[in-house]
Amino acid sequence: MSEEKSLNFIEEIIEQDLQEGKYQSILTRFPPEPNGYLHIGHAKAICLNFGLGLKYAGKTNLRFDDTNPVTEDTEYVDSIKEDIRWLGFNWANEFYASDYFDALYGYAIDLIKKGFAYVDDLTAEEIAHLKGSPTEAGKPSPFRDRSIDENLQLFEAMKAGQYKDGAKVLRAKIDMAHTNMLMRDPILYRIKHAHHHRTGDTWCIYPMYDFAHGQSDSIENITHSICTLEFIPHRELYDWCIEKLGIFPSHQYEFARLNMTYTVMSKRKLLQLVNDGYVSGWNDPRMPTLSGFRRKGYTPESIRLFCDKIGVAKRENFIDLSLLEFCLREELNKKALRVMAVLDPLKLIISNYPDNTTEELISENGPDESMGTRTLPFSKELWIEQEDFMEEAAKKWFRLAPGAMVRLKSAYIVQCDEFVKNEEGKITEIHCTYFPNSKSGNDTSGLTVKGTIHWVSAAQALTAEVRLYDRLFRAENPNNEEGDFKDNINPNSLQIIPKAYIEPSLQNAQLADRFQFIRKGYFCLDTDSSPSHLIFNRTATLKDAWAKEIKKA
RNA sequence: UGGGUUAUAGUGUAAAGGUAGCACACCAGAUUUUGAUUCUGUUCGUCUAGGUUCGAAUCCUAGUAACCCAACCA
């Protein structure tokens with residue numbers, strides 16, 4: 001029953017490289033910039049890079065691309081490491097582009113000496129202006145032809161801190177008329193008198209991405225440097241640097257980043273949601289960040305499965321959020337402990353059940369027998385779900401209604417005799433008769449019912465806060481809509497139920513536990529929870545055929 | 001208007017000249033002490049127009065569309 005899975009285009013390249021003996025083994029890297037938290041799009045890149053290392057008996061480095069001290073911080077470094085470990089991957093080495101600042105500086109000197117780089121005194125605006133446009137060639141800077149000695153001197157003075165931010169830059173000398181804008185004398189080094197999270201105040205000049213990334217790959221002997229599509233134009237410059245410097249030739253390959261429905265993936269936008277208070281933080285369960293998914297109750301396995309299913313290719317993609325949810329349910333369905341919780345309570349009184357009596361019933365913890373059983377208290381007064389009763393039964397209604405019978409999960413069959421309504425027209429109580437010989441597992445009543453509902457014994461029920469999450473955006477693609485993406489935020493993305501009734505066994509719930517509140521969804525403890533104030537997050541709903549039925553009508 | 005990249009069911013992703021397959025979603029049904037799970041089935045696709053070939057998603061020609069590139073961000 002082995003299912004042969006076809007290779008993605010990067011695996012094909014690797015297998016060919018290995019076959020031809022171009023490399024004995026492969027080395028990949030995951031290169032985040034520590035200026036934000038990792039999101040589900042990063043998970044795709046992580047699974048790809050680390051997965052390749054694992055699949056081909058190679059290795060993968062974690063390298064922080066920390067060349068811009070202004071936006072970077074150790075808070076992000078720590079969160080990124082935590083998230084990668086949580087996803088289940090181990091890096092061979094933890095490196096930083098800042099580890100290579102000396103080497104990079106040396107490379108710059110080398111380029112100057114070879115006549116391939118020069119110091120430019122122009123302002124940012126002037127440089128941009130002379131750069132031309134995609135359809136219009138650029139013009140050379142008046143400083144382009146400085147002598148090698150002068151460039152050397154000036155660059156050293158830059159490093160020594162003799163100039164203010166922006167006063168000078170080091171540029172590559174390539175071709176101001178190049179069709180690739182990036183090749184029009186790109187900036188290699190800029191002056192930033194800023195404190196770096198690792199090198200402190202040692203440097204006041206910092207290399208640009210294009211002068212750091214490829215060389216860092218090269219220094220580490222990365223064989224396959226995998227990045228997203230928008231870096232395609234950079235490859236020419238990547239290769240140019242490696243060639244002019246005569247260093248180890250790493251190669252860059254590009255794949256399409258992940259896009260997903262009902263969310264945004266850009267770090268800039270996520271940062272905005274955090275800073276402007278639309279969410280409680282980077283790890284808000286509505287965020288597409290890995291820390292958000294973790295808090296919401298997603299498992300690393302489900303995210304890895306998702307990354308496996310979406311594939312790797314070069315074309316733009318827009319993945320349905322439901323695929324992620326499918327992967328989640330796929331796993332949780334097998335693992336989650338089944339328990340009962342009533343979120344929107346309605347009192348059910350069993351008229352013919354003895355007063356002041358509690359019965360211990362046995363219920364299975366999950367579909368797999370190995371998950372065992374537990375006992376549940378059952379008594380005369382129960383809480384059931386408001387939505388499980390209908391005053392006038394709809395078509396195909398299997399639940400409670402006047403005269404209707406249902407099975408109380410793991411307990412008895414009851415029949416509704418009457419109900420009580422308050423002045424506002426809200427149903428407050430329903431009265432039933434139970435059939436003593438219909439006890440679950442020992443049913444001799446001969447009755448058959450179509451519906452089974454969950455319940456909690458009122459006397460023994462615990463209370464808990466329950467947080468119900470929905471998608472953060474109401475538009476399938478918030479980026480495509482008119483106006484600001486934030487205008488499309490779903491106003492009902494979080495619904496807090498301050499007092500839900502839950503079965504007593506939940507008192508001992510642990511953070512790592514995964515539950516299915518029967519018929520209501522998958523839930524887990526929130527990090528804010530405490531034994532005296534339990535808080536549960538809804539990880540995902542269950543598929544709901546009845547909800548669909550209603551929609552149709 | 002220059003350069004680059006990509007086009008296969010609704011969404012993804014396979015098929016390396018030889019039966020267009022798989023997953024999710026959708027729809028219909030069976031089972032069910034969760035209207036869950038599980039199982040079965042239906043519908044739906046090669047960007048367009050030409051050409052080569054016994055045979056084209058695949059090769060050729062010409063179009064078209066989408067995305068990326070003019071940060072001292074990565």
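Residue numbering restarts at 1 for every chain, and letters A, B, ... go by the order of the sequence lines.
- For Tyr118(A), there are no ring-ring contact (aromatic ring centres under 6.0 Å, His included) partners, not counting sequence neighbours.
- The distance from atom CG of Asp320(A) to atom P of A25(B) is 8 Å, rounded to the nearest whole Å.
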Contact state string [nucleotides 26-42 of chain B, B base, S sugar-phosphate only, - no protein heavy atom under 4.0 Å]
SSS----BBBSS-----
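- Rounded to whole angstrom, the span from the CG atom of Asp175(A) across to the P atom of G2(B) amounts to 18 Å.
- Legend: residues meeting ring-ring contact (aromatic ring centres under 6.0 Å, His included) with Tyr253(A), ordered by chain and number and at least two apart, are His224(A).
- With sequence neighbours left out, the salt bridge (charged side-chain N to carboxylate O under 4.0 Å, His left out) criterion links Lys396(A) to Glu549(A).
- With salt bridges taken as basic N to acidic carboxylate O contacts below 4.0 Å, one links Glu230(A) and Arg257(A).
- Rounded to the nearest Å, the gap between the P atom of A9(B) and that of A15(B) is 16 Å.
- Because its NZ or CZ atom is both nearer than 6.0 Å to the ring centre of Tyr96(A) and within 45° of the ring axis, Arg198(A) counts as a cation-pi partner of that residue.
- Note: NZ (Lys314(A)) to P (G4(B)) measures 13 Å, nearest angstrom.
- With C1' as the reference atom, A56(B) and A20(B) are 12 Å apart, rounded to whole Å.
- Closest to the Arg315(A) side chain, of the nucleotides U8(B), C24(B), U11(B), is U8(B).
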Base, backbone or nothing for each nucleotide of nucleotides 64-74 of chain B, written B, S, -, heavy atoms under 4.0 angstrom, 5' to 3'?
---S-SBSBSB
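- In this structure, Lys314(A) is not positioned above the aromatic face of Phe255(A) in the sense of NZ or CZ being under 6.0 Å from the six-membered ring centre and within 45° of the axis.
- A gap of 35 Å separates the C1' atoms of U33(B) and C22(B), to the nearest Å.
- Here side chain to side chain donor-acceptor pair (under 3.5 Å) pairs that include residues 364-375 of chain A, with residues two or more places apart or in two chains, are Glu360(A)-Thr375(A), Glu364(A)-Lys409(A), Asn365(A)-Arg374(A), Asp368(A)-Ser370(A), Arg374(A)-Glu503(A).
- What separates CE of Met260(A) from C1' of C24(B) is a distance of 14 Å, to the nearest Å.
- Gln252(A) has its CD atom 13 Å from the C1' atom of U5(B), to the nearest Å.
- Here, U13(B) and U8(B) have their C1' atoms 9 Å apart, quoted to the whole Å.
- Spacing of P atoms, G21(B) relative to C54(B), comes out at 26 Å, to the nearest Å.
- Separating the P atom of A66(B) from that of U61(B) is a span of 24 Å, rounded to the nearest Å.
- Look at CG on Asn259(A): it is 14 Å from C1' on U6(B), rounded to the nearest Å.
- Applying the ring-ring contact (aromatic ring centres under 6.0 Å, His included) test to Tyr262(A) and every residue at least two apart in sequence or in another chain returns nothing.
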Atom pairs and distances, donor-acceptor, side-chain atoms in residues 36-46 of chain A, under 3.5 Å, two or more places apart:
residue: Tyr37(A); atom: OH; partner: Glu75(A); partner atom: OE2; Å: 2.8
residue: His39(A); atom: ND1; partner: Gly41(A); partner atom: N; Å: 2.9
residue: His39(A); atom: ND1; partner: His42(A); partner atom: N; Å: 3.4
residue: His39(A); atom: NE2; partner: Met265(A); partner atom: O; Å: 2.9
residue: His42(A); atom: ND1; partner: His39(A); partner atom: N; Å: 2.9
residue: Lys44(A); atom: NZ; partner: Ala256(A); partner atom: O; Å: 2.7

Report all side-chain donor-acceptor pairs from residues 319-328 of chain A shorter than 3.5 Å, counting only partners two or more places apart or in another chain.
residue: Asp320(A); atom: OD1; partner: Ser322(A); partner atom: N; Å: 3.4
residue: Asp320(A); atom: OD1; partner: Ser322(A); partner atom: OG; Å: 3.2

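- Judged as a salt bridge (Lys or Arg N to Asp or Glu O under 4.0 Å), the pairs with a partner in residues 435-444 of chain A (not counting sequence neighbours) are, in order, Glu359(A)-Lys439(A), Arg407(A)-Asp443(A).
- Annotation: of the two residues near RNA chain B, Glu12(A) and Phe318(A), the 5′-most nearest-nucleotide partner is Phe318(A).
- In this structure, the CG atom of Leu305(A) is 10 Å from the P atom of C24(B), given to the nearest Å.
- The P atoms of A28(B) and U52(B) are separated by 47 Å, rounded to the nearest whole Å.
- For the C1' atom pair drawn from A49(B) and G10(B), the interatomic distance equals 26 Å after rounding to whole Å.
- Listed by chain and residue number, nothing satisfies the ring-ring contact (aromatic ring centres under 6.0 Å, His included) test with Tyr107(A) (two or more places apart in sequence, or in another chain).
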With pairs defined as Watson-Crick or G-U wobble and both distances under 3.5 angstrom, please note down RNA chain B as a dot-bracket string, | for pairing with another strand.
.((((((..((((....[..))))..((((.......)))).....(((((..]....))))))))))).....
